[in-house]
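Right, one structure below, let's go through it.
Scope of the values below: all heavy atoms of this structure, side chains included, with no hydrogens, waters or symmetry mates. Reminder, nothing fancy here: chain letters follow the sequence lines and each chain counts from 1.
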Number of protein chains: 2
Amino acid sequence: MKAALDLLRDLGVQPTPQRIAVARFVLRTGRHPTADEVLAHVRRTCPTASRATVYNTLNLLVDRGLLRVQVLRGGRAVYDANTERHHHFIDERTGAIHDVPWHAVTVGGTAALDDFEVRDYQVVMRGRKRKH
Amino acid sequence: MKAALDLLRDLGVQPTPQRIAVARFVLRTGRHPTADEVLAHVRRTCPTASRATVYNTLNLLVDRGLLRVQVLRGGRAVYDANTERHHHFIDERTGAIHDVPWHAVTVGGTAALDDFEVRDYQVVMRGRKRKH
DNA sequence: CATGCACCTAGACTATGTCTAAAATCGGAT
DNA sequence: ATCCGATTTTAGACATAGTCTAGGTGCATG
């Protein structure tokens with residue numbers, strides 16, 4: 001994983017401390033943080049960071065394709081650094097969201113739907129994460 | 001489809017005019033209305049109906065299993081009278097949500113996931129509805 | 001130093017949904 | 001019919017997520 005600094009530069013975006021802090025956190029974590037979780041984390045190194053800046057930066061990264069946004073956890077938007085196609089598993093107990101690799105699940109029949117031209121899809125699963 | 005009045009009685013719930021109006025609309029429409037759409041419709045016959053009552057009644061029907069709630073359309077909850085298992089197709093242009101019959105799409109591999117015990121799942125598709 | 005530009009901040013604003021206190025209504029007992 | 005307690009409804013306050021705006025800061029350039 002490239003440094004957040006370089007990633008921002010590659011986008012032609014000024015690498016301000018606020019943007020670096022957002023990018024560092026959200027692109028490295030394997031979790032699926034909400035905007036407020038990002039804000040809370042960014043404030044640890046950048047205490048005056050505002051809500052608007054965090055949202056602006058997240059939306060910027062989404063626009064540029066480095067990040068995906070999904071409305072999953074009870075109607076809140078979560079940001080997902082995994083931009084490859086994948087499915088999602090939501091733990092009923094904890095609310096945690098886990099990525100499921102694309103090829104772990106097979107889906108058939110979407111091309112045969114008469115009424116719908118399917119351009120994208122994903123499987124959203126719910127249940128319990130197994131302990132090992 | 002039974003009358004809304006009888007459905008409410010079967011649930012052991014007092015069939016007030018407000019509840020009947022909510023149930024009639026939401027259980028009969030094939031669309032996937034948001035709470036505000038339900039409220040707007042209910043007010044046509046029951047102009048003083050309040051937001052709280054609509055939410056209370058919708059949540060009641062969800063608890064009793066007559067209705068499903070999904071967070072789909074841009075983070076808003078939509079209510080779905082189709083409580084059978086089915087998938088969803090979201091039209092990118094209009095935002096309209098369409099039901100896709102369970103057997104129109106096949107999903108495999110969910111049982112073989114090592115880390116997750118999948119209790120329920122659905123395929124969420126996006127694209128364009130075909131015109132006929 | 002003055003100007004302009006990109007950025008950031010605080011807070012106002014909107015929208016969805018929940019909660020509360022008080023008013024209205026219901027059903028049963030008299 | 002009337003009273004009473006329980007349920008329901010209402011209006012509005014509140015909570016939360018997210019967007020927008022006005023103003024301020026800092027930096028580069030002339």
Side-chain angles (χ1 to χ4, degrees), chain A residues 4-5 7-9 11-26 32-64 67-80 95 97, chain B residues 4-5 7-9 11-26 32-64 67-80 95 97:
Chain A
L5 179 66
L7 286 168
L8 291 172
R9 273 208 261 260
L11 295 178
V13 162
Q14 285 197 33
T16 65
Q18 291 87 342
R19 285 173 176 165
I20 292 172
V22 170
R24 278 187 62 86
F25 176 58
V26 81
H32 298 69
T34 64
D36 268 5
E37 285 163 3
V38 177
L39 176 60
H41 195 275
V42 165
R43 286 213 164 139
R44 305 217 310 234
T45 56
C46 195
T48 68
S50 73
R51 177 184 310 279
T53 297
V54 169
Y55 275 102
N56 285 342
T57 305
L58 289 171
N59 291 338
L60 191 86
L61 294 174
V62 170
D63 287 346
R64 297 302 213 282
L67 212 53
R68 274 204 185 173
V69 60
Q70 294 237 354
V71 181
L72 277 182
R73 232 154 81 190
R76 283 144 82 196
V78 301
Y79 296 86
D80 188 344
I97 299 163
Chain B
L5 178 66
L7 286 168
L8 291 172
R9 272 210 260 261
L11 297 178
V13 163
Q14 286 194 35
T16 65
Q18 292 89 341
R19 284 173 177 164
I20 292 172
V22 170
R24 278 186 63 87
F25 175 58
V26 81
H32 297 69
T34 64
D36 267 6
E37 285 163 2
V38 177
L39 176 61
H41 194 275
V42 165
R43 284 211 166 141
R44 306 218 308 237
T45 56
C46 195
T48 69
S50 73
R51 176 185 310 278
T53 297
V54 169
Y55 275 102
N56 286 342
T57 305
L58 288 172
N59 291 338
L60 192 87
L61 294 175
V62 170
D63 287 346
R64 297 302 214 281
L67 212 54
R68 275 205 185 174
V69 60
Q70 294 237 354
V71 180
L72 278 181
R73 233 153 80 188
R76 283 144 81 197
V78 301
Y79 295 86
D80 187 345
I97 299 164

Exercise for the section: Check whether any side-chain heavy atom of A:Val22 lies under 4.5 Å from a side-chain heavy atom of A:Arg19, and answer yes or no. Expected result: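 Not in contact.
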
May I have the distance from [X] (atom [atom1]) to [N] (atom [atom2]), rounded to whole angstrom?
{"X": "B:Ile20", "N": "C:dT25", "atom1": "CD1", "atom2": "P", "value": "16 Å"}
{"X": "B:Arg19", "N": "D:dT9", "atom1": "CZ", "atom2": "C1'", "value": "9 Å"}
{"X": "B:Arg76", "N": "D:dA17", "atom1": "CZ", "atom2": "C1'", "value": "14 Å"}
{"X": "A:Leu8", "N": "C:dC7", "atom1": "CG", "atom2": "P", "value": "11 Å"}
{"X": "B:Leu39", "N": "D:dA11", "atom1": "CG", "atom2": "C1'", "value": "13 Å"}

Nucleotide nearest [X] (side chain, heavy atoms from C-beta), chosen from [options]:
{"X": "B:Ser50", "options": "D:dA17, C:dT9, D:dT10", "result": "D:dT10"}
{"X": "A:Thr53", "options": "D:dT10, C:dC8, D:dA17", "result": "C:dC8"}
{"X": "B:Thr16", "options": "C:dC7, C:dG17, D:dT8", "result": "D:dT8"}
{"X": "A:Gln18", "options": "C:dT9, D:dA11, D:dA17", "result": "C:dT9"}
{"X": "B:Gln14", "options": "D:dA11, C:dT9, C:dC26", "result": "C:dC26"}

Problem - CG on A:Leu60 to OH on A:Tyr55, rounded to 0.5 Å - result: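 CG of A:Leu60 is found 16.0 Å from OH of A:Tyr55.
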
Exercise for the section: Working to the nearest 0.5 Å, report the span between CG of B:Leu11 and CG of B:Leu61. Expected result: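 Atom-to-atom, B:Leu11:CG and B:Leu61:CG are 7.0 Å apart.
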
Handout entry: B:Thr57 (side chain) donor-acceptor with B:Thr53 (main chain) under 3.5 angstrom
Key =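 Flag set: sc B:Thr57 to bb B:Thr53 pair under 3.5 Å.
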
Practice task
Report yes or no: does B:His32 contribute a side-chain atom to a donor-acceptor pair with the main-chain N or O of B:Ile97 at less than 3.5 Å?
Solution key: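 Yes, because the side chain of B:His32 sits within donor-acceptor range (under 3.5 Å) of the backbone of B:Ile97.
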
Exercise for the section: Please tell me which of A:Pro17 and B:Pro15 maps to the more 5' nucleotide of DNA chain C, matching each residue to the nucleotide holding its nearest heavy atom. Expected result: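 Nearest-nucleotide comparison on DNA chain C picks A:Pro17.
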
Exercise for the section: For A:Cys46 and for B:Ala35, locate the closest nucleotide of DNA chain C by heavy-atom distance; then report the residue assigned to the nucleotide nearer the 5' terminus. Expected result: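 Closer to the 5' end of DNA chain C: A:Cys46.
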
Write out a two-atom table: protein N or O, nucleotide N or O from nucleotides 19-30 of chain D, distance below 3.5 Å.
none

Problem - Phosphate OP1/OP2 of D:dT10: any B:Thr48 side-chain N/O under 4.0 Å - result: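 So the side-chain polar atoms of B:Thr48 do come within 4.0 Å of the phosphate oxygens OP1 or OP2 of D:dT10, strictly under.
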
Exercise for the section: Show your reasoning for whether salt bridge (charged side-chain N to carboxylate O under 4.0 Å, His left out) applies to B:Asp36 and B:Arg51. Expected result: CA-CA 8 Å; B:Asp36 267 6; B:Arg51 176 185 310 278; 3.2 Å; yes

Practice task
Kindly check if the number of other-residue, nucleotide or ligand heavy atoms within 6.0 Å of CZ (B:Arg68) is above 12?
Solution key: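 Yes, the 6.0 Å shell around CZ holds more than 12 heavy atoms from other groups.
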
